[in-house]
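Structure, as structure tokens:
Whatever order the structure lists them in is the order used to number ligands and atoms, beginning at 1. This chain uses plain numbering: 1 for the first residue, then up along the sequence.
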Amino acid sequence: MRAARLITYRQPLEVTTIPDPAPAQDGVVVRVLACGVCRSDWHAWSGSDPDVILPMTPGHEYCGEVASVGARVTRWRVGDRVIAPFILACGRCPDCAQGHQTICADQLVPGFTCDGAFAEYVAVAHADANLTSLPDSIAPDIAAALGCRVTTAWQALVGRAQVQGGEWIAVFGGGGVGISTLLLGKALGARVVIVDITDDKLNYAKALGADAVVNAATCDAPQAVKDITGGGAHVAIEALGVEATTVSAMRSLRKMGRMVQIGMPAGDHTQMALPMDVLYSGQLSVFGTRGMPSWRYPSLLSLIAGGGIDLSPLVTRKISLNQVSAELAAFDHPTPPGVAVVTDFVS
Ligand SMILES: [Zn+2]
Ligand SMILES: [Zn+2]
């Protein structure tokens with residue numbers, strides 16, 4: 001099969017032919033219909049994710065069609081359209097049994113700890129525990145864009161911060177996670193302010209229904225959020241994993257506010273100096289979050305399939321395997337609005 005392989009950090013992926021994967025006893029192989037390009041792939045590409053051992057096929061936001069099935073799989077047949085969370089949980093441990101698959105100690109993460117989906121086929125471990133049936137009405141490129149950013153945002157809003165209708169959400173970072181949070185937040189009845197440093201992204205967010213936007217390059221962003229929201233956001237979402245935006249997110253909250261750290265602090269940002277006086281006096285809550293357990297897919301997919309949310313504005317670029325490297329390198333700088341999804345695996 002064709003695959004885009006990461007051989008050397010920060011160098012273009014090598015698009016090459018490698019053997020097709022075979023399913024594990026409890027796994028399947030999926031023919032990839034679409035795979036998103038994400039900032040987490042850039043972490044892997046740039047060598048700042050310690051889990052990655054080279055060579056590796058990146059790509060963790062995928063959907064596709066079951067192509068072959070392991071002997072112990074009971075729920076899936078060849079031809080089924082499926083989507084998988086980027087964290088493949090074991091399905092058997094106490095954390096999985098409690099519904100906390102994202103903290104499973106035996107998890108696999110395609111594109112990071114095993115080969116991912118910038119390829120014609122990807123092996124999916126523990127298929128019965130992880131896959132969800134993908135409705136025909138959801139196009140592959142939209143489903144792939146769900147794989148990490150939308151699902152992570154859904155878990156942050158619903159599972160962690162437990163956002164209520166009418167609350168203000170301040171989103172720091174107007175990229176894929178930011179736009180996902182905007183669309184989901186609006187669908188939940190919240191009001192959303194997007195904070196970024198590029199006018200392109202802010203204009204895009206505004207066009208997609210953001211109640212307000214703030215350019216952090218030209219003002220005191222936390223103060224601007226407080227002015228817009230009448231005292232501070234109820235919920236702040238940090239979508240970059242960067243100290244400056246994490247500090248701003250905390251400072252933008254009203255008292256008793258909740259912050260969710262979605263951005264992965266990597267490289268120089270693993271240690272941050274945070275305003276603990278603000279946390280103390282404001283009696284804030286801070287949540288970490290990573291991924292979404294597979295059991296939350298049906299609620300999200302039915303919201304999308306039922307027309308409760310239109311995710312098509314999220315995907316602004318459909319690309320081929322050969323174009324992934326340029327998208328990865330682009331994360332070194334402020335990126336254009338929307339996300340890129342690989343839909344062409346042969347040319
Ligand atoms: Zn487990
Ligand atoms: Zn991702």
Kindly check if the number of other-residue, nucleotide or ligand heavy atoms within 6.0 Å of CG (D268) is above 12?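 Not buried by this count: 12 neighbours or fewer within 6.0 Å.
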
Between R2 and E120, does the salt bridge (Lys or Arg N to Asp or Glu O under 4.0 Å) criterion hold? Intermediate values first, please. CA-CA 6 Å; R2 274 165 59 86; E120 289 181 84; 5.2 Å; no

Apex the Zn ion (ligand 1); atoms C104 SG and C90 SG; angle rounded to 10 degrees: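 Value returned, to the nearest 10°, is 100°.
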
N, O or S atom within E61 nearest to the Zn ion (ligand 2), by name: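 Distance check against the Zn ion (ligand 2) picks out OE2 in E61.
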
How wide is the angle at the Zn ion (ligand 2) spanned by H60 NE2 and C148 SG, rounded to 10 degrees?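 That angle works out to 120° after rounding to 10°.
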
Which word best sums up how the rings of H60 and F86 line up, parallel for under 30°, tilted for 30 to 60°, or perpendicular for over 60°?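 Perpendicular.
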
Is there a path of hydrophobic side-chain contacts, each under 4.5 Å between heavy atoms of I/L/V/M/F/W/Y residues, joining V28 to I83?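 As far as the 4.5 Å side-chain criterion goes, V28 and I83 are not connected within one cluster.
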
